[in-house]
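So you know, we letter chains A, B, ... as the sequences are listed, proteins then strands, and number each from 1. A quick note: this is a predicted structure, and the numbers were derived from the prediction, not measured.
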Amino acid sequence: MPDKLDFYEKVYQVVRQIPKGKVTSYGAIARAIGSAKSSRTVGYAMNACLKTDHSIPAHRVVNRNGVLTGKHHFPSLTAMQERLEAEGHLIKDDVIINFKDVFWDPFHEY
DNA sequence: TTGCTGACGAACA
DNA sequence: ATGTTCGCCAGCA
């Protein structure tokens, strides 16, 4: 079937499951949907969802170091950080403080 | 169609 | 510890 669209579907599905106050990484999502080495493409999917589906909390997805590498793609350069702070996260120099403590592993859900 | 790019990550030197 | 290379996959010129 539409394998290509399938990839997006799965990515969105996982991202939507991220609990409020938690975050996860591109790589974690990639593993969760069965494409462990496609973390880059996960980010690409996020980029697309920003423009299309606003119901997806793309700001809860950061890289494996807890860095807000995707902030440049938001309407505002500070939008991502502010959203995260609004959910109780502490951010310093684009890095989520206590990232490890607020990390949510989608793999753990499956 | 080919080649390059990119919100990543892991392996190597 | 730091820098480079490769894999993965969608989108665009």
Open item on the list: When you measure from the side chain of A:Y12 to the backbone of A:A45, do you find a donor-acceptor pair of N or O atoms at a distance under 3.5 Å?
Closed with: yes
Open item on the list: Can you work out whether A:N63 or A:T41 has the more 5'-proximal nearest nucleotide on DNA chain B?
Closed with: A:T41
Task: Rounded distance in Å - CE (A:M46) to C1' (B:dG9) - done: 17 Å
TODO: Check the distance between C:dG11's C1' and A:L50's CG and give it to me in whole angstrom.
DONE: 16 Å
- [ ] Counting heavy atoms from C-beta on, name the nucleotide in C:dG11, C:dG7, B:dA7 closest to the side chain of A:S39.
- [x] C:dG7
Task: Between C1' of B:dA7 and CD1 of A:I96, the distance in whole Å - done: 13 Å
Open item on the list: Between C:dA13 and B:dA7, how far apart are the two C1' atoms, rounded to whole Å?
Closed with: 22 Å
Task: Gap in Å between the two P atoms, one belonging to B:dG3 and one to C:dC6, rounded - done: 16 Å
- [ ] Classify the nucleic acid contact of A:A58 as base, sugar-phosphate or nothing, counting any heavy atom under 4.0 Å across all strands shown.
- [x] base
TODO: Figure out the CZ/C1' separation between A:R64 and B:dA10, and round it to whole Å.
DONE: 8 Å
- [ ] Take A:V11 and A:I33 through the test side chain to side chain contact (heavy atoms under 4.5 Å, CB included) and record every step on the way to the result.
- [x] CA-CA 7 Å; A:V11 171; A:I33 66 178; 3.7 Å; yes
TODO: Take A:E85 and A:Q81, measure what side-chain hydrogen bond (donor to acceptor under 3.5 Å, both in side chains) needs, and give me the verdict at the end.
DONE: CA-CA 6 Å; A:E85 292 180 327; A:Q81 177 171 338; 3.2 Å; yes
Open item on the list: If I take atom CZ in residue A:R31 and atom C1' in nucleotide B:dA10, what distance separates them, rounded to the nearest angstrom?
Closed with: 11 Å
Task: hbond_proxy A:S38 side chain to C:dC8 base (donor-acceptor, 3.5 Å cutoff) - done: no
- [ ] Spell out, as yes or no, whether a donor-acceptor pair under 3.5 Å connects the side chain of A:N65 to the backbone of A:V67.
- [x] no
TODO: Can you tell me, in whole Å, how much space there is between the P of B:dC4 and that of C:dT5?
DONE: 15 Å
- [ ] Take the protein atom CD1 of A:I33 and the nucleotide atom P of C:dC8, then report the distance between them rounded to whole Å.
- [x] 15 Å
Task: Distance (rounded to the nearest 0.5 Å) between A:N98 CG and A:H89 NE2 - done: 10.5 Å
Task: Short side-chain N/O contact to C:dC6 OP1/OP2 from A:R40, under 4.0 Å - done: no
- [ ] Just call it for A:S25: base, sugar-phosphate, or nothing, with non-hydrogen atoms closer than 4.0 Å on any strand.
- [x] sugar-phosphate
Task: Phosphate contact (C:dC12 OP1 or OP2) by A:Y44 side-chain N/O below 4.0 Å - done: no
Task: Rounded interatomic separation in angstrom, taking CD1 from A:I29 and P from B:dG9 - done: 10 Å
Open item on the list: I need the NZ-P distance between A:K37 and C:dA10, as an integer number of Å.
Closed with: 16 Å
